[in-house]
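Every value quoted in this text rests on a predicted model; they were computed, and no experiment measured them.
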Amino acid sequence: MIPFLSVLLPSLALCAQQTPPQDESVRLKCADYEVVLDASNNWTIKQIFFKGEQFLATEKDAYNGTAVKLADGTWVGDCPGGMSVSSKILSVDGRRKAVKVGETYTAKKKILFERNCSMKVYRFSGSLEVTPDGLTLVHKYRRTRRDVPEKLCAFVLCFDKRFRLFIAQIPGKGRDDVMAKRYDGMFYDNETTLIQEDIRYFALFDTLIHTGVVCYFGGKDCYFYRGEGECCCLRDMGNYRRFHFRPAIERNPRAREKLEFVLHIKVFQCPTGKWKKTAATIAGSDWR
């Protein structure tokens, strides 16, 4: 028995090492876009691909989703934890599908993924729409408790370090207001905050593959909700580029607050010299 065990035990250990890890993701594909959802992290976006190129950062401290800071200083949300998903719905070209981990779902016209969650003080409802024209994120929040939240990060997105250039524009008097303040710069991997203001859209560009991504707010007037304390922040983290939208929130403990935000994400390809005008046009603005 001893010689047999001496051979069997190392073999079992080798098999355990070679067992592939379980795939905790779901893939949504439509035309040139592919979105990977992380089932182990509240079904948040893990990666975005366009024609096989990835756009989001993969560092451990990079995450995408939403989070709220409570009055006692703790954070609740997709990355911090304390957030529970109560339901999820997947529709592929108008047909309901059961959401199965490890599966890939492909649509010709549209994929819609919806989830309902609890975030302590807020009831969160989020949807992701993937079409051949790009991605649309809708985040809705409803206060359910009298606890006073300190801060809400409605959208958090961490982009790959390959993006070297950025532009942004604040809302003007109208969608075609080209006189509104604009930002135009470059990342230097120096961990600094480059933008912290109310903006209409921002765009990042990779000069090596001549590809960019533009993110702009939707709704009736760029985005649905405005307040004195709201702002967007674009930060150079060194290893990646992080964006978050922080709206003004009601700090009255009796508030029955309802918030709704829409963010469009589109990837574009063009010569480096034309990327600013291309991004602005996609966002419904102008660049002169």
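When atom types are taken as modelled, the side chain of Asp236 and the backbone of Tyr188 share a donor-acceptor pair closer than 3.5 angstrom. The backbone N or O of Asn116 lies less than 3.5 Å from a partner atom in the side chain of Ser86, making a donor-acceptor pair. Proximity of a side-chain donor or acceptor of Asp160 to a complementary backbone N or O of Ala57 within less than 3.5 Å is not detected. Counting only distance, with no hydrogens or angles, the side chain of Asn64 and the backbone of Cys158 share a donor-acceptor pair below 3.5 Å. Judged purely by atom type and a 3.5 angstrom limit, Thr66 uses its side chain to pair as donor or acceptor with the backbone of Cys153. Side-chain atoms of Gln47 come within 3.5 Å of backbone atoms of Leu56 as a donor-acceptor pair (strictly under, hydrogens ignored). A distance-only check finds a donor-acceptor pair linking the side chain of Tyr141 to the backbone of Ala154 [under 3.5 Å]. Here the side chain of Arg143 pairs a donor or acceptor atom with the backbone of Glu250 at under 3.5 angstrom. Checking side-chain atoms of Thr74 against main-chain N and O of Leu70 turns up no donor-acceptor pair under 3.5 Å.
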Evaluate the ring-ring contact (aromatic ring centres under 6.0 Å, His included) criterion for residues Tyr216 and His264: first the C-alpha distance (whole Å), next the side-chain angles of each, then the deciding distance (0.1 Å), finally the verdict. CA-CA 5 Å; Tyr216 62 97; His264 300 284; 4.9 Å; yes
Walk me through it: do Phe243 and Ile195 pass the test side-chain contact (heavy atoms from CB on, under 4.5 Å)? CA-CA 9 Å; Phe243 163 82; Ile195 299 174; over 6 Å; no
Quick one: do Lys181 and Glu197 satisfy salt bridge (Lys or Arg N to Asp or Glu O under 4.0 Å)? Show the steps, please. CA-CA 10 Å; Lys181 182 179 179 181; Glu197 197 167 342; 3.4 Å; yes
Tell me, with the steps shown, if Thr211 and Arg162 meet side-chain hydrogen bond (donor to acceptor under 3.5 Å, both in side chains). CA-CA 10 Å; Thr211 300; Arg162 296 178 311 164; over 6 Å; no
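Cluster annotation: Val267 is not connected to Phe49 through the hydrophobic network of ILVMFWY side chains, with a link wherever side-chain heavy atoms come within less than 4.5 Å. Transitive grouping of hydrophobic side chains (ILVMFWY, heavy atoms separated by less than 4.5 Å) keeps Leu112 and Val99 in distinct clusters. Leu204 and Tyr183 fall within the same hydrophobic cluster, where Ile, Leu, Val, Met, Phe, Trp and Tyr residues are linked whenever their side-chain heavy atoms come under 4.5 Å apart, directly or through other members.
Atoms CE and CG, on Met119 and Leu152 in that order, are 6.5 Å from each other to the nearest 0.5 Å. Within the model, atoms CG of Leu128 and CG of Leu137 stand 5.5 Å from one another, a figure rounded to the nearest 0.5 Å. Of the inter-residue distances, the one linking Ile167 atom CD1 with Phe205 atom CZ reads 10.0 Å to the nearest 0.5 angstrom. Here Glu191 contributes atom CD and Met237 contributes atom CE; the two are 6.5 Å apart, rounded to the nearest 0.5 Å. Between atom CZ of residue Phe55 and atom CD1 of residue Ile45 there is a gap of 13.5 Å, rounded to the nearest 0.5 Å.
Proximity of Asn42 to Arg115: side-chain heavy atoms (C-beta onward) are separated by under 4.5 Å at one or more points. In this structure, the side chains of Gln196 and Arg246 come closer than 4.5 Å at one or more pairs of heavy atoms. Counting only heavy atoms from C-beta outward, the side chains of Phe187 and Leu234 approach each other to under 4.5 Å. Annotation: side chain of Ile89 is in contact with side chain of Arg96 (closest heavy-atom distance under 4.5 Å). Using a 4.5 Å heavy-atom threshold, the side chains of Leu28 and Leu90 count as touching. The shortest distance between side-chain heavy atoms of Asp184 and Lys276 falls below 4.5 Å.
Using a 4.0 Å cut-off between charged nitrogen and carboxylate oxygen, Arg164 and Asp189 count as a salt-bridge pair.
When all heavy atoms of Tyr105 and Ile111 are compared, the closest pair comes out as O-CD1, 3.4 Å. Taking every heavy atom of both residues into account, Thr131 and Tyr33 meet most closely at O-CD1, 3.6 Å. Residues Val85 and Cys117 come closest through the heavy atom pair CG2-SG, 3.8 Å. Shortest non-hydrogen contact noted between Lys46 and Asp38 is CB-CB, 4.0 Å. The shortest heavy-atom contact between Ser285 and Arg200 is OG-NH1, 3.1 Å. Residues Ala248 and Glu257 approach most closely at O-OE2, 4.4 Å, considering heavy atoms.
A cation-pi contact, defined as under 6.0 Å to the ring centre and within 45° of the axis, is absent between Arg241 and Phe166.
With a 6.0 Å radius and a threshold of 12 heavy atoms from other residues, nucleotides or ligands, Arg251 has its CZ atom above the threshold.
Classification of the Trp275-Phe268 ring pair by plane angle, with boundaries at 30° and 60°, yields parallel. Ring geometry, Phe155 versus Phe245: the interplanar angle falls under 30°, so the pair is classed parallel (tilted spans 30 to 60°).
Evaluated for a side chain to side chain contact (heavy atoms under 4.5 Å, CB included) with Leu263, the options Thr136, Leu135, Leu157 yield exactly one hit, Leu157.
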